[in-house]
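Structure first, commentary second.
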Amino acid sequence: MGNSTRKDNSTRKIKEADRKSRWIRLWQSLRYTFLSVPSSAVETFLLYGTFGLLMFGPLAFGAVDHWSTFILEAGSVLLFLIWLAKQLRDGEGGVVIQWNPLFLPMAAFAVLVLVQIAFRFSAYTHDTVSTALLYCAYAMLCFLSGQTLLRSAQARKLAFMFTLYGFAVAAFALLYGISPNGRLYWVYPTHGGWIYGPYVNHNHYAGLMELLVPIPLVLAFTRLADDRERIAAAVAAAIMVGTIFLSGSRGGMLAIFAELAVMAVVLLRQKRIVRVAIGLAAFAVVLLVMLTWLGGKELTARVSSISTESRAEISGGMRFSIDRDSVRMFRQKPVLGWGLGTFPVVYPQFRSFYTNFFVNEAHNDYLQLLTEMGALGFATMLWFLFVLFRNAVPKMKNWSTDVNGAVTLACVLGLSGILVHSLFDFNLQIPANAALFYVFCTIAAAPSLLQRTRKRKPALPASEEQLIPTSEVV
């Protein structure tokens, strides 16, 4: 018996040692591989990995399921660790960080959440911690976008990628709208909802398009692409806008009207009035033809119901009742709120109407922030938006010829649409849409992108180049 036990122990020790040696060899192999990869390749991987993760979210039903949320969080952590390892490998003077003015309000918001958790101010600490981890993923994606998107050439490639991506999602939504079967991708069953595209809720599909439409729309009116590319971008934008109307989202319709109105004002300030008018007319014709062909009477009825539904809500609809209840929630905890992510837990004790539905969000992102984070959190949001627009608006001056201006204008248009839609819905509670929103905020407020240009000095070779801000290129 003793010999058998000693043999079992020795066998176990040999297996454990063999397992440890395999892990050591794997670690050494990965370390050697990472050290041998050029910095430019790592930078490219981080850039497209970050924005690829942002594109993954909408395709995964908005990243609302546990598995997709985990991929979004784990992917952002992995990319951040790779960025940090690259900095430690390449940086002789330590870690180099590209500063963004939005980092300060983001840090202040993080401090408020930590206070809620540390001092037990949250009504349900588990939900606050879980939501805080998701916000950490947003923060890492914002940080990575600011550290990797540094050149105008990168921005141009991403603009074309997002244009193709948005067009593909819109084309899929059109195809599904023609032959729906009540399942996501015709395969995955859902428990209720109004499916459109890859989203269970048509309002959240509209929110995605509100963020993506300005990219091809701005591209179509710039001088940064040739005629064929501008025409293709205009067609893609028209189809994407059309799907917002076809989705039936009234909040999405109002938001896209706001975006198009702002874009029209920007265009009318240009000196090329005739060309702008022709472009707008062509865009409107394509949009109207598509809506008339595919929308028909149902779309007309949906659009005409905006005013009647608004009056119904004001006179006592469910959303208006939720808004009033949310104000009552805020009055009880006005300073730090009930805790980040706790609205669905706290709301039932304040609900003033009967319903069989589970009210999981406030259907108003501003009121939900006010109830969960209190006046201090709401003030931080106002600080965030003030810094965002203060830094973004000056960059939009020469948007038709400057990559910085075009990128900033596209981001500001998309953000404005979401800010309008947030009055009626909860797009910023959907991880995929929220991640895109915050990353676009970071890009809009970031310093000018760099463009490779030739430096004109007689003493230097003609081929020598230097990186300077795009806005300084003559």
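Phe45 is linked by a side chain to side chain contact (heavy atoms under 4.5 Å, CB included) to Leu79, Ile82, counting only residues two or more places apart in sequence or in another chain. Taking the side chain to side chain donor-acceptor pair (under 3.5 Å) definition, one finds that Glu361 meets it with Gln368, sequence neighbours left out. With sequence neighbours left out, Thr131 forms a side chain to side chain contact (heavy atoms under 4.5 Å, CB included) with Tyr135, Leu340. A search for side chain to side chain donor-acceptor pair (under 3.5 Å) contacts involving Ser40 returns nothing, not counting sequence neighbours. Not a single side chain to side chain donor-acceptor pair (under 3.5 Å) links Ser145 to another residue, sequence neighbours left out. Legend: residues meeting side chain to side chain contact (heavy atoms under 4.5 Å, CB included) with Met396, ordered by chain and number and at least two apart, are Thr408, Leu409, Val412. Residues satisfying the side chain to side chain donor-acceptor pair (under 3.5 Å) test with Tyr199, not counting sequence neighbours, are Asn433.
For the pair Asn181 (side chain) and Trp186 (backbone), a donor-acceptor distance under 3.5 Å is present. Side chain of Arg230 to backbone of Ala225: a donor-acceptor contact under 3.5 angstrom is found. A donor-acceptor pair under 3.5 Å links the side-chain atoms of Glu372 to the main chain of Phe343, judged by distance alone. Side-chain atoms of Gln429 do not come within 3.5 Å of backbone N or O of Phe426 as any donor-acceptor pair. Using a distance-only test at 3.5 Å, with no hydrogens or angles considered, no donor-acceptor pair links the side chain of Glu73 to the main chain of Phe70. Using a distance-only test at 3.5 Å, with no hydrogens or angles considered, no donor-acceptor pair links the side chain of Lys397 to the main chain of Gly405. Here the side chain of Asn398 pairs no donor or acceptor atom with the backbone of Thr401 at under 3.5 angstrom.
When each of Ile418, Leu436, Leu415 is tested with Cys441 by the rule side-chain contact (heavy atoms from CB on, under 4.5 Å), just one qualifies, namely Leu415.
Residues Thr380 and Ala108 share a closest heavy-atom pair of CG2-CB, 4.3 Å. Of all non-hydrogen atoms in Leu150 and Gln98, the two that sit nearest each other are CD2-CG, 3.9 Å. Of all heavy-atom pairs spanning Thr371 and Ser326, the tightest one is CG2-O, 3.1 Å. When all heavy atoms of Met373 and Leu112 are compared, the closest pair comes out as CE-CB, 3.8 Å. Annotation for Leu53 and Ile71: closest pair CD1-O, 4.0 Å, computed over non-hydrogen atoms. Taking both residues in full, the closest heavy atoms of Thr128 and Val113 are given as CG2-CG1, 4.3 Å, listed atom of the first, atom of the second, then distance.
Under the 6.0 Å cut-off for aromatic ring centres, Phe143 and Trp83 qualify, their centroids lying closer than that. Taking the six-membered ring for Trp, His204 and Tyr196 have ring centres at least 6.0 Å apart.
Using a 30° and 60° split on the angle between ring planes, Tyr138 and Tyr438 fall in the tilted class, from 30° to 60°.
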Could you pull out all donor-acceptor pairs under 3.5 Å where a side-chain atom in residues 160-176 meets a protein atom, sequence neighbours excluded?
unit_1 : atom_1 : unit_2 : atom_2 : d
Thr163 : OG1    : Ala159 : O      : 2.8
Tyr165 : OH     : Met55  : O      : 2.6
Tyr176 : OH     : Gly182 : N      : 3.2
Tyr176 : OH     : Arg183 : N      : 3.3
Tyr176 : OH     : Arg183 : O      : 3.0

Could you give the side-chain donor-acceptor pairs of residues 205-219 under 3.5 Å, partners two or more places apart or in another chain?
unit_1 : atom_1 : unit_2 : atom_2 : d
Tyr205 : OH     : Thr243 : OG1    : 2.8
Glu210 : OE1    : His421 : ND1    : 3.3
Glu210 : OE2    : His421 : ND1    : 2.7

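Here Cys411 contributes atom SG and Ile443 contributes atom CD1; the two are 5.0 Å apart, rounded to the nearest 0.5 Å. For the atom pair Ser68 OG and Asp65 CG, the distance stands at 5.0 Å (nearest 0.5 Å). The CG atom of Leu369 lies 6.5 Å from the CZ atom of Phe378; values are rounded to the nearest 0.5 Å. To the nearest 0.5 angstrom, Tyr48 atom OH is 12.5 Å from Leu46 atom CG. Here CD1 of Ile244 is found 15.5 Å from CZ of Arg250. Values are rounded to the nearest 0.5 Å. Interatomic distance, CH2 of Trp383 versus CE of Met106, reported as 11.5 Å (0.5 Å rounding).
Side-chain contact, Asn203 with Ser249: a donor N or O sits under 3.5 Å from an acceptor N or O. Side-chain contact check for Ser39 and Asp90: at least one donor-acceptor pair (N or O, by modelled atom type) lies under 3.5 Å.
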Given side-chain contact (heavy atoms from CB on, under 4.5 Å), test Val95 with Ile97 step by step and report yes or no. CA-CA 6 Å; Val95 176; Ile97 296 177; 4.0 Å; yes
Under the side-chain contact (heavy atoms from CB on, under 4.5 Å) rule, what do Asn201 and Ile430 come out as? Steps first, then yes or no, please. CA-CA 10 Å; Asn201 190 320; Ile430 305 302; over 6 Å; no
Could you walk me through whether Phe424 and Asn364 pass the side-chain contact (heavy atoms from CB on, under 4.5 Å) check? CA-CA 5 Å; Phe424 317 104; Asn364 183 317; over 6 Å; no
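Counting only residues at least two apart or on different chains, no salt bridge (charged side-chain N to carboxylate O under 4.0 Å, His left out) pair has a member in residues 152-161. Sequence neighbours left out, the pairs with a member in residues 421-443 that pass salt bridge (charged side-chain N to carboxylate O under 4.0 Å, His left out) are Arg319-Asp425. The salt bridge (charged side-chain N to carboxylate O under 4.0 Å, His left out) analysis of residues 36-47, with sequence neighbours excluded, yields the pairs Glu43-Lys86.
Applying the 6.0 Å contact sphere to OH of Tyr185 captures more than 12 heavy atoms from other residues, nucleotides or ligands.
Here the side chains of Pro431 and Val64 are in contact, with some heavy-atom distance below 4.5 Å. In this structure, the side chains of Met381 and Tyr366 come closer than 4.5 Å at one or more pairs of heavy atoms.
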